[in-house]
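One structure is given here, and the rest of the page talks about it.
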Amino acid sequence: MKKVFTALFVTALLSAQSFALDFAFRVSPVMTFPKEENLDTGFGGFFNADIDLLNFLTLGVEGGYNTIKQESLDKNFNILMGGVSAGLYYYPLSRLYVSANGSYGFHQTSIDAPSVTGSGSGTYWRGFGEVGFRFTPSIVLSAVGGYENFNIDGSSFIKSPFVGLSAKFNFSTNKSSSSGDNFWVSFEQDSSAFPAFSSMYKQTPLGTVTLRNLSSAEARDVHVSFRAGKYTSSEKECFSRSVLSRYKSVEIPVLADFGPELLRYSEDGKINGELVISYSFLGKKMTEVQNIVLEVKHRNAFLWNDPASLACFIDSGTPEILEAAKFIAGAEITNLKTGMNSAFQYSAAIVEGLRLAGIVYSEDKVTPYKEFRNGEEIDSVQYPLQTLSLLSGDYDDIGILVCSCLESFGIGTGFIALDDDFIVLVDTGIAPEKRLNQFGEDSVLSDANTTWLCLSMAAFSKGFTQSRLAAAKKLKVAQKASEADSEFPYEIVDVHAAWEIYPPVTFSGYRGSYKNPSKDAVIKAVNEATSYYINNDLSALLKKFRANENTKLLADTYVRCGMYAEALAEYQKLGTIASMNNIGLVYSAQKNYRAALNQYNKVLAKDPQNKTALNNVKKIQILVGE
């Protein structure tokens, strides 16, 4: 036992040389109840001076005095004691204190009697517990109860339970706040905040705050949140903890719920933020607000360290973009070709519509795409509404606008950021293994999930067809280069997948010079684009399917070419339920609704629950007013 206490005491002394420490001084008057029959109740007390470690452990020294009377012999035992002590304590509630303690040491006992005097010495040990009330962080008043044993020459001569009161006074060498706050805050920002990534900061920290509890008592139910005035939509909780012990520090990631006002930040600068700390201190609810300063880049700032992060500029919810896209796509809705891929037709309408509205390529003179694409300096990228309003943009700016318009109309997009071009990818919804049923081998790009129609933004001003051909040519060169390296040299970014990491932000508020193009001009331009597609891609496919005698694919291709009589002849050779439905579709495309109804009724006669036939019958009945 002696060795254990000595080791603990040495540990405490070594710690005192290295750290600021807390000290506890305790005065405990007690009554003792010796177990020996000839001894009466005694009185005394002890004093403890402890070092407080780890917020639950105390190590120290003690001294005390007891006087016990032996009535039958009119004799008094006067006991002086001193030793080392150790204890464990805990605050289960803000003001409730409990502890378990032990001590070991030496005593000197003198006997005071009319006829006898003498003295003796030996060792003693004591174990006791406390339950108390904390009035302030520095003062605790407790009830004490325990047991002590005194030995002389190796034999116990007094064994005694005891009870009493204890007054504990806490002091610390830790520095407290001169401002009166209970917390000290230090903020370290990882990098400047980018407004374009404002949605990300709900999950991705802006930086780290070191929060230190300066008070001499623990803080309970601690919640830390961040706000920045008009720049945030709400306070964003960053941290919570049930107990933060006195003088302890914790590192907190700072998250923010930024609002649209951050996108008005047109120059690099700083904004004032507030860290709101709410907590309970000795049962009282309290709140502190600490100021921190954020460095913020201008709203168009962007780094190319991860091309996928450009997806945050692509937004399908900007009202002005949604309105422009619906107008352009609306012109094409009445012009859709039966059987032809709808994503192909709508993307042609968007590209031609934006081009006819006057949007042109204009190199950014300050941060040109070709120079900054592979650089480490901060680029400046336009939001889709800015490009729409200014009627011009660099390759990536126009690509962002095209993707935003397509996404607002429900067509998935992607992109490839080449060194000298920005390729917009349009999700055709065609399975990779079926892409050669509708397109030439080099005119589209496939991944594991879908087939992408590729559009070059460097050729945007030349129209949809030239944009498509230019993209195919550049990607073919890139693919040939990749064959030697065993991998495609550029990242294919799926916008929807990128949005899971880099959510889009909505930049809205003004319209600028943009005016909707003529619907007739849009329809004419799209017809020219589809005619080129029919005369080149589909004509080549017709030759292939005839040579292969693939009746089904040949009939489908005839439909896409608008060659309905030829398509009917091929479908009639098949005689399947699917081909019968396709015949009804061809009749509908020819506006021969009566023949189409008859055809679908033939299908239902063979398969009464056929969903395709049932749905198409309802559509035709609505069209003809039946």
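Positions are given from 1, in the same order as the sequence printed here. Given the structure is predicted, the values throughout are model-derived calculations rather than measurements.
Atom NZ of K297 sits in a sparse spot, with 12 or fewer heavy atoms from other residues, nucleotides or ligands closer than 6.0 Å. When the shell of 6.0 Å around CD of E433 is examined, it contains more than 12 heavy atoms from other residues, nucleotides or ligands. Annotation for K544: atom NZ counts as buried by contact number, over 12 foreign heavy atoms lying within 6.0 Å.
Between D396 and F302, the closest side-chain pair of non-hydrogen atoms is not below 4.5 Å. S467 has its side chain within reach of S456: a pair of non-hydrogen atoms, C-beta onward, lies under 4.5 Å apart. Proximity of H223 to E235: side-chain heavy atoms (C-beta onward) are nowhere separated by under 4.5 Å. At a threshold of 4.5 Å between non-hydrogen side-chain atoms, the residues E320 and P384 do not count as touching. For the pair Y558/L554, a side-chain contact is recorded, criterion being any heavy-atom separation below 4.5 Å from C-beta on. At a threshold of 4.5 Å between non-hydrogen side-chain atoms, the residues L418 and I423 count as touching. Side-chain contact between E261 and I271: absent, with no pair of heavy atoms (C-beta onward) separated by less than 4.5 Å. Using a 4.5 Å heavy-atom cutoff, the side chains of I430 and T450 are not in contact.
No option in D447, D427, T428 other than D447 meets the side chain to side chain donor-acceptor pair (under 3.5 Å) test with W452. When each of D494, V495, I492 is paired with L425, the side-chain contact (heavy atoms from CB on, under 4.5 Å) condition holds for I492 and for no other. Just one of F415, F313, W304, Y395 meets the ring-ring contact (aromatic ring centres under 6.0 Å, His included) condition when paired with F422; it is F415. Exactly one residue among N610, N616, D607 makes a side chain to side chain donor-acceptor pair (under 3.5 Å) with N581. That residue is N610.
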Margin query: Run K337 and N335 through side chain to side chain contact (heavy atoms under 4.5 Å, CB included) and show every step you take.
Written below: CA-CA 6 Å; K337 308 294 188 294; N335 189 49; 3.5 Å; yes
Next item on the list: Check step by step if side chain to side chain contact (heavy atoms under 4.5 Å, CB included) holds for N582 and D556.
Entry: CA-CA 9 Å; N582 286 334; D556 292 344; 4.3 Å; yes
Next item on the list: Would you please test Y346 and V526 for side chain to side chain contact (heavy atoms under 4.5 Å, CB included) and show each step?
Entry: CA-CA 9 Å; Y346 283 127; V526 174; over 6 Å; no
Next item on the list: Apply ring pair (Phe, Tyr, Trp, His ring centres under 6.0 Å) to F344 and F464, showing your working.
Entry: CA-CA 10 Å; F344 176 92; F464 177 80; 5.2 Å; yes
Margin query: Between F460 and R355, is the side chain to side chain contact (heavy atoms under 4.5 Å, CB included) condition met? List the steps.
Written below: CA-CA 8 Å; F460 172 83; R355 181 181 67 84; 4.1 Å; yes
Next item on the list: Please test S233 against D257 for side chain to side chain donor-acceptor pair (under 3.5 Å), starting from the C-alpha separation and ending with a verdict.
Entry: CA-CA 6 Å; S233 298; D257 180 17; 4.5 Å; no
Next item on the list: Mind running side chain to side chain donor-acceptor pair (under 3.5 Å) on N300 and S380 for me, showing each step along the way?
Entry: CA-CA 5 Å; N300 296 102; S380 181; 4.8 Å; no
Item checked: Worked check of side chain to side chain donor-acceptor pair (under 3.5 Å) between T451 and S446 -> CA-CA 4 Å; T451 297; S446 292; 3.3 Å; yes
Note to self: side chain to side chain donor-acceptor pair (under 3.5 Å) for Y502 and D306? Distances and angles first, verdict last.
What the structure shows: CA-CA 11 Å; Y502 304 103; D306 182 5; 2.5 Å; yes
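Remark: D420 does not engage K370 in a salt bridge, criterion side-chain N to carboxylate O under 4.0 Å. A salt bridge links R468 to D537: at least one charged side-chain nitrogen sits closer than 4.0 Å to a carboxylate oxygen. With salt bridges taken as basic N to acidic carboxylate O contacts below 4.0 Å, one links K573 and E570. Between K524 and D520 there is no salt bridge, since no side-chain nitrogen of the basic residue lies less than 4.0 Å from a carboxylate oxygen of the acidic one.
A cation-pi arrangement is found for K519 relative to F327, the charged atom lying closer than 6.0 Å to the ring centre and inside a 45° cone about the ring normal. Because its NZ or CZ atom is both nearer than 6.0 Å to the ring centre of F507 and within 45° of the ring axis, R264 counts as a cation-pi partner of that residue.
Y383 OH to D315 CG: the interatomic distance, rounded to the nearest 0.5 Å, is 10.5 Å.
When all heavy atoms are compared, the tightest approach of L388 to Y514 is O-CB, 3.2 Å. The two residues F197 and S309 make their nearest non-hydrogen contact at CE2-O, 3.7 Å. Of all heavy-atom pairs spanning A196 and L263, the tightest one is N-CD2, 4.5 Å. Between T387 and Q382, the shortest heavy-atom contact is OG1-NE2, 2.7 Å. When every heavy atom of Q466 is checked against every heavy atom of A459, the shortest pair comes out as O-CB, 3.9 Å. Shown here for I292 and F187, the closest heavy-atom pair between the two residues is CG2-CB, 3.8 Å.
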